[in-house]
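The structure under discussion appears below in the form of structure tokens.
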Amino acid sequence: MCNFKKTTMKNIKRLIAALPLLLSAGMLAAQEAVPEDNYYSMERIRSKSGWMTSSNAAGLEANSADLSIVEGFWNYEKGGLRDVWDGTKNNFFGVYTESYRKLNKLSLYGKLGFDYLYENDKAWSSMTYPGSTPMLISDNIPGQHRRERYSVAAGISIPVGDRVSLGVNGEYNTVSAIKRRDIRSQSLDSRLNISPGIMVKTKPVNLGLSLSYSYEGETVELGREGSMANMSFVYEFKGLWFSKPQSYSVNTHKARRFDTNVYGGAVQAEFNISPSVKFFNEGGIKYLSQEQSLKGDGVENKFGSYDKLGYTYNGLISFKGSRMDHYIKLNADFFDLNLYSDIFTLQPVPGISGSTEMTYFGKVRSYYESCMQLGAEYQFYKKRNEWNSSLIVKAGVNYLDWDKTCTAYPAKWMQNIKSTYMYVSATPNFLTKNGMIDVTVEVGYRTGSGTSNEKSVGEGVDVEFSTLVQNTELLE
């Protein structure tokens, strides 16, 4: 996915508190100081090989360390410059445990987490993940919003002979959210992903192949309980904040359903240039399709659909030394997204006076996105040992080019965003008697350009009317 942060730096007061707890069997049994050689970090485990961050679970075999952590965090945000669907004041906290283990020839990974989000005066999104679909459903009345999420992930890699390894990853998370002010909303989102993979090892090159399937289902229920002095609307957005506002009367309740299927695959190739130099490559493809339906008054009607085709590349060049390790990370992300509107009409029901039903005639593309994101990063690790570093330095650059087009024939509205972000960060690590502390400092610079909302109409055509209404105040 391409993610874009506004060119203008957000004027937000932020406090992030993280408490990592690293324990070993010796610490639990004897409560003695742990030798320096026994300190590990997730950062170092994942940086050791491109297989550790790839989509191929068979690559877990590249790990030779045992590490389990428990981490808690709290994030506080307050300010006026924020995304339109963010609350004016947010508290976000959670806890999770994560582990890598080696049991004889088996390589294992597991993660279990919980987090809770509390937002004040949130509006313009009734969905769990508002940026995940162009078919956004929301209302315009700010209110208190609560969201809790539970997640579990696991992976295993098993060698089959000396040259072949098989693996599988699985992940499941469920999220529930609620807003208790009219128009009230309640959402439940569940996501399941499974990804098998195979790796074949030779002396000059290690090859891999992985497949993946994900199902995502979300139900959003909206309703109005009491009377309100001001008119309240539910907005059905379809790209660039074009919508069809609907007013809700007292005791009106409707449910929106989003069903998403994601199919993907990737190939991996790691070139063993020398014992200390390796070049890992992964190229992937992913296809996503989502259908949206409206449930209410005993009937279910289609609302729209979209599909998305994406290509990714990730590369890692590693140079390993006795006291320092160097890495160069490369990434490229491309996708095309097409949103379709259903064409239908209301037809009388034969034999039932005054009753109508929807008749569908097909669909037409009404919104389009094309995105390209490129990145490069240099990483430097000053090693205490193979699994712990006293200093980590990173420097990189990211480039984004994102085009969006919304069509209400014969007119088109277009938006283009270009952004370049350059950064440098340093993370010194300090050892204590029974643990360690990381302190990260990052300096970055962003520049951007583009067009916010450019309208074009065919020559000789005068268009002033459209069934869609654009909420221009919400444009990025």
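Note: hydrogens, waters and symmetry copies are ignored here, and every other heavy atom, side chains too, is used.
Closest heavy-atom contact between Y306 and S132: OH-O, 3.2 Å. Closest non-hydrogen pair, S157 versus L60, comes out as CB-CB, 3.8 Å. Taking both residues in full, the closest heavy atoms of S305 and M135 are given as N-SD, 3.6 Å, listed atom of the first, atom of the second, then distance. What you find for C406 and K238 is that their closest heavy atoms are SG-O, 4.0 Å. In terms of heavy-atom proximity, V220 sits nearest to S187 at CG2-CB, 4.1 Å. The nearest pair of heavy atoms linking V424 to A395 is CG2-CB, 4.1 Å.
Residue S151 holds its OG atom at 7.0 Å from CG of L112, rounded to the nearest 0.5 Å. The NZ atom of K383 sits 10.5 Å away from the CZ atom of F380 when rounded to the nearest 0.5 Å. In this structure, CG in L330 is found 5.5 Å from CD1 in I317, a value given to the nearest 0.5 Å. Put simply, CD on E216 and CG on N193 are 9.0 Å apart, with the number rounded to the nearest 0.5 Å. Atom CD1 in I285 sits 11.0 Å away from atom OH in Y287 (nearest 0.5 Å). Note that CD1 of I158 and NZ of K105 are 12.0 Å apart. Values are rounded to the nearest 0.5 Å.
Looking at L337 and Y367, their side chains come closer than 4.5 Å, going by heavy atoms from C-beta outward. Residues F334 and Y313 form no side-chain contact, since every pair of their non-hydrogen atoms from C-beta on lies 4.5 Å or further apart. Annotation: side chain of W85 is not in contact with side chain of S138 (no heavy-atom distance under 4.5 Å). Between R46 and Y100 the shortest side-chain heavy-atom distance falls below 4.5 Å. The side-chain heavy atoms of V175 and Y129, taken from C-beta on, include a pair separated by under 4.5 Å. Contact annotation: the side chain of T53 never approaches that of E282 to less than 4.5 Å [non-hydrogen atoms, C-beta and beyond]. Put simply, the side chain of K286 does not reach to within 4.5 Å of the side chain of T312, judged on heavy atoms. Taking 4.5 Å as the limit, every side-chain heavy atom of L192 sits out of range of all side-chain heavy atoms of I194.
A donor-acceptor contact closer than 3.5 angstrom is absent between the side chains of N169 and N56. The closest side-chain donor-acceptor pair between D307 and S289, if any, does not fall under 3.5 angstrom. For E442 and S425, the side-chain atoms include no donor-acceptor pair closer than 3.5 Å. There is a side-chain donor-acceptor pair under 3.5 Å between S107 and K102. R365 and Y340 share no side-chain donor-acceptor pair at under 3.5 Å.
Between Y423 and Y421, the ring centre distance stays below 6.0 Å.
F92 pairs in a ring pair (Phe, Tyr, Trp, His ring centres under 6.0 Å) with only one of the listed residues (W74, Y116, F73), which is F73. With S366 as the fixed residue, the side-chain contact (heavy atoms from CB on, under 4.5 Å) test singles out one of N338, L339, T405: L339. D325 pairs with exactly one of R44, K382, Q379 by the side chain to side chain donor-acceptor pair (under 3.5 Å) rule, that one being R44. With respect to Q292, the side chain to side chain donor-acceptor pair (under 3.5 Å) criterion is satisfied by exactly one of E236, R257, R256: R256.
Contact check on R147 versus E119 returns no salt bridge, with no Lys/Arg side-chain nitrogen under 4.0 Å from an Asp/Glu carboxylate oxygen. Under 4.0 Å is where a charged nitrogen must lie from a carboxylate oxygen, and between R82 and E77 no such pair does. With respect to the salt-bridge test (charged N to carboxylate O, under 4.0 angstrom), the residues D189 and R149 do not qualify.
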Exercise for review: Starting from the C-alpha separation in whole Å, work towards a yes-or-no answer on side chain to side chain contact (heavy atoms under 4.5 Å, CB included) for E98 and E71.
Suggested key: CA-CA 8 Å; E98 190 174 16; E71 181 171 309; over 6 Å; no
Check your understanding: So K320 and Y327, side chain to side chain contact (heavy atoms under 4.5 Å, CB included) or not? Walk me through it.
Key -> CA-CA 8 Å; K320 298 182 179 180; Y327 300 91; 3.8 Å; yes
Practice item. Please lay out, stage by stage, how C371 and L400 fare under the test side chain to side chain contact (heavy atoms under 4.5 Å, CB included). Key: CA-CA 8 Å; C371 183; L400 173 70; 3.6 Å; yes
Practice item. Determine, stepwise, if the pair D438 / N429 fulfils side-chain hydrogen bond (donor to acceptor under 3.5 Å, both in side chains). Key: CA-CA 5 Å; D438 287 337; N429 175 271; 2.6 Å; yes
Practice item. Applying side chain to side chain contact (heavy atoms under 4.5 Å, CB included), run through Y445 and T420 and close with a yes or a no. Key: CA-CA 8 Å; Y445 173 77; T420 302; over 6 Å; no
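Screening residues 194-208 for side-chain hydrogen bond (donor to acceptor under 3.5 Å, both in side chains) gives E61-K201, N206-E270 as the qualifying pairs, with residues at least two apart or on separate chains.
Within 6.0 Å of NZ on K329 lie no more than 12 heavy atoms contributed by other residues, nucleotides or ligands. Around atom NZ of K412, no more than 12 heavy atoms belonging to other residues, nucleotides or ligands sit under 6.0 Å away. A 6.0 Å sphere centred on OH of Y172 holds more than 12 heavy atoms belonging to other residues, nucleotides or ligands.
Ring geometry for Y213 versus Y263: interplanar angle of 30 to 60°, hence tilted. Under the 30°/60° scheme for interplanar angles, the aromatic rings of F237 and W241 are found to stand perpendicular.
By the salt bridge (charged side-chain N to carboxylate O under 4.0 Å, His left out) test, E218 pairs with no residue at all, sequence neighbours left out.
Judged by the 6.0 Å and 45° rule, K308 forms a cation-pi pair with F335.
When atom types are taken as modelled, the side chain of N385 and the backbone of N388 share a donor-acceptor pair closer than 3.5 angstrom. The backbone N or O of A65 lies less than 3.5 Å from a partner atom in the side chain of N63, making a donor-acceptor pair.
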